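Because the structure is a prediction, the values reported are computed rather than measured. Remember, it's 1-based here, ligands and their atoms both numbered in the order they're listed.
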Amino acid sequence: MKIQVINPNTTAAMTAKIGEAARAVAAPGTAIDAVQPSFGAPSIEGHHDDVWAAAGVAEQVRAGEAAGADAHVIACFGDPGLHAARELSRGPVIGVAEAAFHCASMLATGFSVVTTLTRTVVIAEHLVLHYGFERRCRGIHGTDIAVLELDDPASDAYARILASSREALIHDRSSAIVLGCAGMADLCRRLQGELGVPVIDGVAAGVKLAEGLVSLGLGTSKRGDYASPLPKVYAGLAAPYSPA
Ligand SMILES: NC(=O)NC1=NC(=O)NC1=O
């Protein structure tokens, strides 16, 4: 099967890291196509970035459908464009936040989220409510590490995320950690080893959930609000949209 993994920001190094994290867990028969939009923000750190990211996700899902993708993973913790992507897709579309929340909820009675800039905490809060996890998510914590600082050794990102996770487990009385940024994917196993609790990276969780649904012969329902978008010409876009 082929899974398109979309980094909705436009930083190629992050797309490569996300693709590596996806391939590390993909089953032998699963091909991972890691992509990013042709336009948009280099990192997604707020509502304005999110809007552009959602349009970029729609662009990439349309291309992925034309290329025969069996499923799509939206690899940004805000799950930008998730519902629009499901209108466009025959197969499953998994947002990394939704995937991580589901997995954490099957491993612990309560989980905490550790994310990047504190200003993005409200976006994660909105997702928790939108997906119905308010009884399972015990707290969401910003570390004030910018997304593109995650790879900068000078940011001391790992130590700061580890410390924030330790505090969250105590303060929230939670038993699992959800990493609140796709850019943290490479830290997951090390953090889990040091914290001694399940640490969920949404990229890996999203890939395995997508694989599982496709292998069950399940795809996005095309009845109701996830039916294909109505065919129309979109001003300013190269090609008018017509359902596959
Ligand atoms: N909470 C976040 O900062 N999420 C993210 N921003 C990105 O650019 N990618 C993410 O996963």
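Side-chain N or O atoms of Lys2 include one that pairs as donor or acceptor with a backbone N or O of Ala67 at under 3.5 Å. Distance alone, capped at 3.5 Å, is enough to place a donor-acceptor pair between the Asp79 side chain and the Ala97 backbone. A donor-acceptor pair is defined here as one N or O able to donate and one able to accept, closer than 3.5 Å; such a pair exists between the side chain of Arg138 and the backbone of Arg173.
Residue Glu45 places no N or O, backbone or side chain, under 3.5 Å from any N or O of ligand 1. Considering both main-chain and side-chain atoms, Thr116 comes within under 3.5 Å of ligand 1 through a nitrogen or oxygen pair. In terms of polar-atom proximity, defined here as any N/O pair under 3.5 Å, Cys76 makes no such contact with ligand 1. Close N/O approach between Gly180 and ligand 1 is found [any backbone or side-chain N/O within under 3.5 Å].
Using a 4.0 Å cut-off between a side-chain N of Lys or Arg and a carboxylate O of Asp or Glu, Arg86 and Glu98 qualify as a salt bridge.
Of the protein's heavy atoms, Met14 CE, 3.5 Å lies nearest to atom 9 (N) of ligand 1.
Both the backbone and the side chain of Ile44 come within 4.0 Å of ligand 1, counting heavy atoms alone.
The side-chain tip of Arg136 does not point at the ring of Phe101 from less than 6.0 angstrom away and within 45° of straight on.
Using a 4.5 Å heavy-atom threshold, the side chains of Leu82 and Tyr131 count as touching. Here the side chains of Leu148 and Thr11 are in contact, with some heavy-atom distance below 4.5 Å.
Heavy-atom separations between Gly78 and ligand 1 are all 4.0 Å or longer.
Close contacts between ligand 1 and Thr115 involve ligand atoms 1 (N) [criterion: under 4.0 Å to a heavy atom]. Annotation for ligand 1: atoms under 4.0 Å from non-hydrogen atoms of Ser43 are 8 (O). Each of the following atoms of ligand 1 lies closer than 4.0 Å to a heavy atom of Ala182: 10 (C), 11 (O).
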